[in-house]
Amino acid sequence: MKPSLRPLFQILAASALMLSFAAQAAAPKVIKKVPPEFPREAAQQSISSGVVKAKLSIDADGKVTDVAIVEAEPRRVFDRAVTRALMDWRFEASGEKQTHEVKLVFRNED
């Protein structure tokens, strides 16, 4: 690359990087949250807490179309409850498809 073009390239690269951070920072606005139920099976197994990270696919109208479990501790204990609840969440319509990650924490105080 010619020395005279290097500063321009660095400015353009920095601008693109800032734009990608801005796009990630604009999380979709939740307009309806449905809390997941604590699974009876977990309580029967004396599991009193857990954490699930899920990736949501959201359509242009704000409806959740898919839920993918990204991480879960303990594994596979809360997945079904999380998926059922998140499929009922609604987001403000953005006019385009988007994805969003959420982290749900379970605690059974009983």
Side-chain angles (χ1 to χ4, degrees):
M1 184 179 304
K2 291 182 180 179
S4 62
L5 294 179
R6 188 170 291 139
L8 177 61
F9 176 75
Q10 289 172 337
I11 291 169
L12 291 174
S15 297
L17 187 61
M18 285 189 288
L19 287 174
S20 71
F21 283 136
Q24 290 176 356
K29 182 179 178 185
V30 180
I31 57 175
K32 178 186 173 190
K33 271 188 185 180
V34 175
E37 292 184 23
F38 196 94
R40 183 178 53 226
E41 298 83 17
Q44 290 171 344
Q45 295 174 23
S46 298
I47 297 171
S48 59
S49 64
V51 178
V52 177
K53 187 176 182 182
K55 183 176 183 178
L56 312 175
S57 297
I58 306 163
D59 71 12
D61 295 326
K63 182 180 178 193
V64 176
T65 58
D66 187 49
V67 175
I69 305 300
V70 177
E71 294 175 24
E73 185 57 43
R75 295 183 62 196
R76 292 189 284 278
V77 173
F78 300 103
D79 296 11
R80 193 175 316 146
V82 166
T83 301
R84 256 191 247 123
L86 292 177
M87 287 299 291
D88 287 335
W89 282 32
R90 294 293 177 268
F91 293 83
E92 197 170 81
S94 67
E96 58 188 47
K97 292 181 182 179
Q98 51 189 328
T99 60
H100 181 60
E101 284 192 3
V102 295
K103 180 179 173 182
L104 301 174
V105 177
F106 287 83
R107 280 202 177 69
N108 189 4
E109 302 294 325
D110 293 342

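One is the number of the first residue; the rest follow in order along the sequence.
P36 approaches A81 most closely through the heavy-atom pair CB-O, 3.6 Å. For F78 against A42, the heavy-atom pair with the smallest separation is CE2-CB, 4.1 Å. Nearest heavy atoms, V77 versus P39: O-CG, 3.8 Å. Scanning all heavy atoms of the two residues, the minimum distance from S49 to P74 falls at O-CD, 3.7 Å. Closest heavy-atom contact between F38 and R107: CE1-C, 4.1 Å.
Exactly one of T65, L56, V64 qualifies for a side-chain contact (heavy atoms from CB on, under 4.5 Å) with M87. That residue is V64. Under the side-chain hydrogen bond (donor to acceptor under 3.5 Å, both in side chains) test applied with S94, the options E96, Q98, E92 reduce to a single match, Q98. Put simply, the residue from V52, D66, V67 that forms a side-chain contact (heavy atoms from CB on, under 4.5 Å) with T83 is V67.
L86 is listed as a side-chain neighbour of L104, based on a closest heavy-atom distance under 4.5 Å. Looking at heavy atoms from C-beta onward, T99 lies out of side-chain contact with E101 at the 4.5 angstrom threshold. Between I47 and F106, the closest side-chain pair of non-hydrogen atoms is not below 4.5 Å.
V102 is connected to V34 through a chain of hydrophobic side-chain contacts under 4.5 Å among Ile, Leu, Val, Met, Phe, Trp and Tyr, so both are in one cluster.
Ring-plane geometry between H100 and F91 is classed as perpendicular, the angle between the planes exceeding 60 degrees on a 0 to 90 degree scale with a lower cut at 30.
With a 6.0 Å radius and a threshold of 12 heavy atoms from other residues, nucleotides or ligands, E41 has its CD atom above the threshold.
No donor-acceptor pair closer than 3.5 Å links the side chain of D61 to the backbone N or O of K63.
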